[in-house]
2 protein chains.
Amino acid sequence: MRSAANATAPHPRPSVLGGAAHRAPRAGLTTFERETLAVFVGLARVVGLPKSYGEIYGLLYASAGPLNFGDIQARLSLSKGSVSQGIRALRAVGAVRLADIAGGDRKHFEPETELRKLVGGFLRESIRPHLDGSDRRLAAVGGHLGASPAGPAERKVLQARFDKLVRWHKQGRAVLPWIEKFLG
Amino acid sequence: MRSAANATAPHPRPSVLGGAAHRAPRAGLTTFERETLAVFVGLARVVGLPKSYGEIYGLLYASAGPLNFGDIQARLSLSKGSVSQGIRALRAVGAVRLADIAGGDRKHFEPETELRKLVGGFLRESIRPHLDGSDRRLAAVGGHLGASPAGPAERKVLQARFDKLVRWHKQGRAVLPWIEKFLG
DNA sequence: TTATTTGTTCATTTTTTCTTGAACTCGGGT
DNA sequence: ACCCGAGTTCAAGAAAAAATGAACAAATAA
């Protein structure tokens, strides 16, 4: 049971606001919603997140008010598992947050719509960890350079490459905060 | 200098330089090479490219001189198909280029090592196209907004969301050149 | 406490993406 | 022309990632 019907329902009435909807599971989306989802699904792909995450965020974004777990599951006709994991992940990167709804109703979610925060969360959770991993790796490699290949000429070139790689990482780290600021 | 040895060799001798190697297909990589590959494989993952592309770029990066098709295939023990596609793609984004080798030898490749160009190529080939796609989509959606949901209150919220989305895209486009410059 | 409903976890299935390999094309070389 | 090796293309197989669903946990009501 999802949508509207009556407000006196003895049980968790599906928060409305999201739509005049009462549509069936799939295709129960307005054109606006479908297209917005598509945009975010594309974005998700670019940043390497599963499509379902993009759909969830997109639906929240295209809804005028917070939605609860059941709303999301029903409108996107995703499995409970996907919705659960999706919400968790999106909350982890700060793309979705708990909306403080009046009644002690079911938990409702709303999208973070500040670009700066969205990007910030993504950088923090995805890019930085990667940089950290590589850095550790690089630190370990440094030594092996001396032992490896043939002549000193090659050795020199490789040393230069290695140094450059380390420098890249530093630069990478340096741009991140900058990007955030720029989008502020 | 590539497959040194001698320029009169009747057939494509596997260019060396990359290593004191004469090792067998797999594991025929020095520790330095293996670790460098790993770093680039990780990077490939982040930017959504197949692992094999990361390996190819990584191998080139960890080699003191240009390598040819056969070298790459042998040292990474990848199929011809993967190497072919990998090289094509990496060249397309400007991450790898043809090295102008002396003799009319087999084509040799070398990595682009200017961060600015690497990033630039990636932004141009991957991010911008995405933005373009979304923009087209958004342009189409704009209209549908009027027809969709219920009350005027919601309508207003959604209109705001839509506008913000459009603004995001503009901002996104604006940062790109900026990032490049910063890395210059 | 027991019954119900919401939400989570995780093994399994499904889908998507990557890699392979074989057929094919292109360019000499003879 | 014919042969050979280099490289490309693409259908099919392998691998990886995501979605599902069922068992389970937490919370609430009865």
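All chains are named by letter (A, B, ...) in the order of the sequence lines, taking the proteins before the strands, and each is independently numbered beginning at 1.
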Handout entry: Distance in angstrom units between A:Ile56 CD1 and C:dG7 P, rounded
Key = 13 Å
Problem - OP1 or OP2 of D:dT8 under 4.0 Å from side-chain N/O of B:Ser84 - result: yes
Practice task
Could you state the atom-to-atom distance from CD1 of B:Ile87 to C1' of C:dC18 in whole Å?
Solution key: 17 Å
Completion exercise
The nucleotide from D:dA19, D:dG7, C:dT8 with an atom nearest the side chain of A:Phe69 is C:dT8
Problem - Length of the line joining B:Lys80:NZ and D:dG5:P, which is rounded to integer Å - result: 11 Å
Exercise for the section: Choose from D:dA6, C:dT8, D:dA19 the nucleotide whose nearest atom is closest to any side-chain atom of B:Arg106. Expected result: D:dA6
Completion exercise
In whole angstroms, the gap separating C1' of D:dT8 from CG of B:Leu90 amounts to 16 Å
Problem - Side-chain N or O of B:Arg45 closer than 4.0 Å to phosphate OP1/OP2 of D:dA17 - result: yes
Practice task
Ignoring the backbone of A:Ser79, work out which of C:dT20, D:dT8, D:dG21 is nearest its side chain.
Solution key: D:dG21
Practice task
Check whether any side-chain heavy atom of B:His108 lies under 4.5 Å from a side-chain heavy atom of B:Phe69, and answer yes or no.
Solution key: no
Handout entry: Upstream residue (5' side of DNA chain D) when A:Gly81 and A:Leu49 are each assigned their closest nucleotide
Key = A:Leu49
Practice task
Scan A:Ser52 against the nucleic acid and name what it touches under 4.0 Å (heavy atoms): base, sugar-phosphate only, or nothing.
Solution key: sugar-phosphate
Handout entry: Residue pair A:Arg124 / A:Pro129, side-chain heavy-atom distance below 4.5 Å
Key = no
Completion exercise
Smallest heavy-atom separation, A:His130 atom then B:Leu43 atom, equals CE1-N, 3.5 Å
Practice task
Compute the centroid of each ring, for A:Trp168 and then for B:Tyr61, and state whether the two points are separated by less than 6.0 Å.
Solution key: yes
Handout entry: Short side-chain N/O contact to C:dT8 OP1/OP2 from A:Arg88, under 4.0 Å
Key = no
Problem - Protein-nucleotide distance (B:Leu78, atom CG; D:dA14, atom C1'), rounded to Å - result: 15 Å
Practice task
Assign each of A:Lys107 and A:Ser82 to its nearest nucleotide of DNA chain C by heavy atoms, then name whichever residue's nucleotide is nearer the 5' end.
Solution key: A:Lys107
Problem - Nearest-Å distance for atom pair CD/C1', residues A:Glu55 and D:dA18 - result: 12 Å
Exercise for the section: Can you figure out which of D:dG7, C:dT19, D:dA16 approaches the side chain of B:Gln85 most closely? Expected result: C:dT19
Handout entry: Student check: side-chain heavy atoms of A:Lys181 and A:Pro177 closer than 4.5 Å
Key = no
Completion exercise
Taken to the nearest whole Å, NZ/B:Lys51 to C1'/D:dA17 is 14 Å
Practice task
Round to the nearest Å and state the distance from A:Asp71 atom CG to C:dG7 atom P.
Solution key: 10 Å
